[in-house]
Undergrad: 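Below is the structure I would like to discuss, written out as structure tokens.
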Amino acid sequence: MALLDNYHRMKNAVDVGVDDFFAGSPIAVGRDKKVSRTRGGHLAYVMRNIGVFVLVSCLAGALMSVWPVMALSGTAQVIEPAADYWKSLPENLDDIEIGQRNTLYDINGNKFAEVWSENRTTLTDLNQISDYAKNGLIATEDKDFFKHKGFSLRGTARAALSSSGGGSGITQQLVKNLQFYNLAGREKQGQAVEATVGRKVRELKLAMGYEKKHSKNEILLTYFNTVAFGSPTTYSIETASQYFFGKSAKDLDLAESAVLVGSVQNPARFNLDDPDTFKDKYKARQKDVLSRMVSEGYITQKDADAAYAEDLKLVYSKSSNGNCTSSTYPYYCEYVMDFLSKSPRLGETQEERNVILQKGGLHIHTYLDPNAMSIVNAQLQQDYGNDNHLAAPTAVVQPGTGGVLAMGANRDYGTGEGQTTVNLPLHATGSGSVYKMFTLAAALREGFTENDLAFSSRCPLIDPDYDTPEGGITNSDSCALQGGFMDYRRATALSSNTWFSELEIKVGVEKVKEFSASVGLSAPDTISSRSLAYTLGVTENSTVDMAAAFATFSNGGVFCPATPVSSYTYADGSSPVVPDTYDPKSDSCRRVLSEMDVQCPTC
């Protein structure tokens with residue numbers, strides 16, 4: 001009872017911090033110092049602070065080991081090592097990164113996908129949360145929240161004497177959750193929940209440090225944005241409200257607020273995802289929350305009874321599974337996330353980029369044009385259909401930006417008949433005869449005139465200085481039609497293999513490779529200066545890359561690398577820090593042909 005008496009004497013001095021005990025006590029920390037017992041004020045101050053220390057020890061489960069030492073060895077001998085230990089503990093949480101949703105928007109600003117590692121929606125203001133939820137949380141978890149500076153003496157003492165655990169206030173709970181869900185410190189995740197004396201004391205000091213840097217409203221908002229509500233995998237009050245009740249957190253009624261707030265104690269035990277198993281448990285916990293709200297004067301008993309009797313309408317409204325499969329445009333969504341995971345602008349290393357994407361919270365604006373996408377898909381269905389054995393990947397790239405407006409194939413996303421999970425427009429395949437245009441472009445860049453682009457080609461074409469298939473290079477129809485003398489217009493119209501092979505000899509295979517590389521196409525070392533078939537499209541390129549390369553001709557000779565992303569920011573308008581190693585020229589538009597050269601094929 002002496003401990004309780006000491007607590008009651010201290011309860012009106014809740015602003016006294018544990019640091020004050022070690023820093024301001026007249027005991028100091030030197031063992032040779034003597035405590036004056038003639039100064040009643042000093043002794044009372046010492047005893048009050050010893051009471052704080054004892055309460056902390058109780059919270060940590062260490063009372064039985066500390067008290068005999070204090071009795072036998074003297075207070076100062078206990079304080080010195082305790083003070084050293086306390087001062088050695090961290091006061092601030094560093095490098096905290098909590099997973100949030102990445103949201104993808106089309107070119108019109110409409111959301112078409114949400115991707116996350118943890119299903120969490122972040123609110124920016126407490127006004128976006130129902131007063132019932134805020135009051136219920138305070139009444140249930142920490143009724144002295146607005147009075148203390150990190151921990152509740154009342155709760156601490158109650159937990160210490162009851163041996164039932166608990167007692168942690170809202171700030172302490174938040175500190176524990178921030179450490180547990182910290183993506184930047186997953187290797188230390190176990191430390192956040194270990195049942196040890198050290199963890200409890202460390203958590204207490206971190207809570208006090210957190211309150212020094214954050215207002216009570218900021219702490220409450222972060223709590224509501226971080227912890228799990230309603231189930232172990234539904235993070236934040238907004239996500240839970242939308243999922244379980246199909247409404248925003250600000251619109252939660254008393255019954256809904258109480259059941260969600262009650263679940264934070266143990267989301268697995270009070271799991272709204274499985275009413276058949278857990279309904280009795282979460283209803284009992286809801287009743288407990290309502291009772292505490294009555295005790296604290298937030299609601300009347302009549303309000304509580306009505307809320308408890310209310311039939312909870314659980315709707316389980318899930319807008320996304322956290323990946324691209326539930327998106328309206330799964331292939332495009334996958335393209336966006338894969339593009340960002342490889343972007344040197346987002347992060348210097350793959351690990352850094354993965355952490356940023358896992359952390360989430362990005363609002364990613366893309367070039368996806370729903371109208372263009374509809375046209376592409378309709379045309380593919382009309383011309384080929386999903387049951388055609390030929391797959392027809394298609395991409396539409398915007399000249400001047402490289403923005404991919406649309407992409408698709410005559411396959412739905414999935415694993416069934418007529419479906420695939422392979423992103424065909426991004427899958428590199430043989431380029432074919434369309435590649436001949438890059439040999440023509442290389443010639444123009446090398447200064448070839450219209451007169452230079454009119455000549456005869458051998459058919460079949462066999463040249464000892466070049467590698468050709470057995471029987472030489474021929475044409476698909478006949479030498480009479482596609483061979484002989486012709487200019488570049490007729491050669492292009494007829495897609496003459498022999499004419500473009502002759503042009504490649506005149507230009508040089510290496511020059512064709514150089515131009516191909518300048519517009520983002522494949523120019524592998526396996527293609528030597530003897531590889532005459534290069535102009536015929538024997539190397540593999542994706543449909544998206546080919547479309548971006550062709551957009552160069554529509555953009556006056558300026559090549560823009562293909563990109564699905566126009567911008568990305570966090571909710572506050574900031575962006576991930578761009579690495580010093582990032583070279584803006586690597587993915588920016590660049591001139592590869594003069595305007596005159598580009599106009600020549602159309603003159």
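All of these numbers come straight from a predicted model, not from anything done at the bench.
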Undergrad: Judged by modelled atom types alone, do Asn323 and Thr325 share a side-chain donor-acceptor pair under 3.5 Å?
TA: yes
Undergrad: Does a side chain donor of either Thr439 or Thr535 reach within less than 3.5 Å of an acceptor in the other side chain?
TA: yes
Undergrad: Just by modelled atom types, is the Phe112 backbone N or O under 3.5 Å from a matching donor or acceptor in the Ser327 side chain?
TA: yes
Undergrad: Does any non-hydrogen side-chain atom of Leu494 lie less than 4.5 Å from one of Trp499?
TA: no
Undergrad: Mind running ring-ring contact (aromatic ring centres under 6.0 Å, His included) on Phe229 and Phe270 for me, showing each step along the way?
TA: CA-CA 9 Å; Phe229 291 86; Phe270 307 118; over 10 Å; no
Undergrad: May I ask you to check whether Thr498 and Asn475 show a side-chain donor-acceptor distance below 3.5 Å?
TA: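 A donor-acceptor contact under 3.5 Å links the two side chains.
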Undergrad: When you check the side-chain N and O atoms of Asn354 and Gln350, is any donor under 3.5 Å from an acceptor?
TA: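 Gln350 and Asn354 do have a side-chain donor-acceptor pair below 3.5 Å.
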Undergrad: Give a yes or no on whether the backbone of Tyr235 and the side-chain of Thr239 come within a donor-acceptor separation of less than 3.5 Å.
TA: yes
Undergrad: Answer yes or no: is there an ion pair linking Glu504 with Lys513, defined by an N-O contact shorter than 4.0 Å?
TA: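 Salt bridge flag = no for Lys513 with Glu504.
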Undergrad: By side-chain contact (heavy atoms from CB on, under 4.5 Å), which residues pair with Glu114, not counting sequence neighbours?
TA: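 Applying side-chain contact (heavy atoms from CB on, under 4.5 Å) to Glu114 gives Arg101, Thr103, Lys111, Trp116, Ser319, Ser320.
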Undergrad: Counting only N and O atoms by type, is there a donor-acceptor contact under 3.5 Å from the side chain of Gln482 to the main-chain atoms of Ser476?
TA: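 Yes.
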Undergrad: List the steps, then state whether side chain to side chain contact (heavy atoms under 4.5 Å, CB included) holds for Phe515 with Val507.
TA: CA-CA 11 Å; Phe515 182 82; Val507 177; over 6 Å; no
Undergrad: Answer yes if the side chains of Thr366 and Tyr335 hold a donor-acceptor pair under 3.5 Å, and no otherwise.
TA: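 Their side chains do not contain a donor-acceptor pair, so the 3.5 Å distance test is not met.
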Undergrad: How are the rings of Tyr316 and Phe244 set relative to one another: parallel (under 30°), tilted (30 to 60°) or perpendicular (over 60°)?
TA: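 Perpendicular, since the angle between the ring planes exceeds 60°.
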Undergrad: Evaluate whether atom CZ of Arg490 has more than 12 neighbouring non-hydrogen atoms of other residues, nucleotides or ligands under 6.0 angstrom away.
TA: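 Not more than 12 within 6.0 Å, no.
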Undergrad: If you measure only the distance, is there a donor-acceptor pair under 3.5 Å linking the side chains of Asp273 and Tyr243?
TA: yes
Undergrad: Salt bridge check, Arg458 against Asp463: does any charged N sit closer than 4.0 Å to a carboxylate O?
TA: yes
Undergrad: Are the side chain of Arg345 and the backbone N or O of Tyr582 linked by a donor-acceptor pair below 3.5 Å?
TA: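 No: the side chain of Arg345 does not pair with the backbone of Tyr582.
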Undergrad: Regarding Asn371 and Ser374, do their side chains bring together a donor and an acceptor under 3.5 Å, going by distance alone?
TA: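 Their side chains do not contain a donor-acceptor pair, so the 3.5 Å distance test is not met.
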Undergrad: Between the side chains of Ser594 and Asp597, does any donor sit under 3.5 Å from an acceptor?
TA: yes
Undergrad: Does a donor on one side chain sit under 3.5 Å from an acceptor on the other, for Asp125 and Asn127?
TA: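 Result is yes, a qualifying pair exists.
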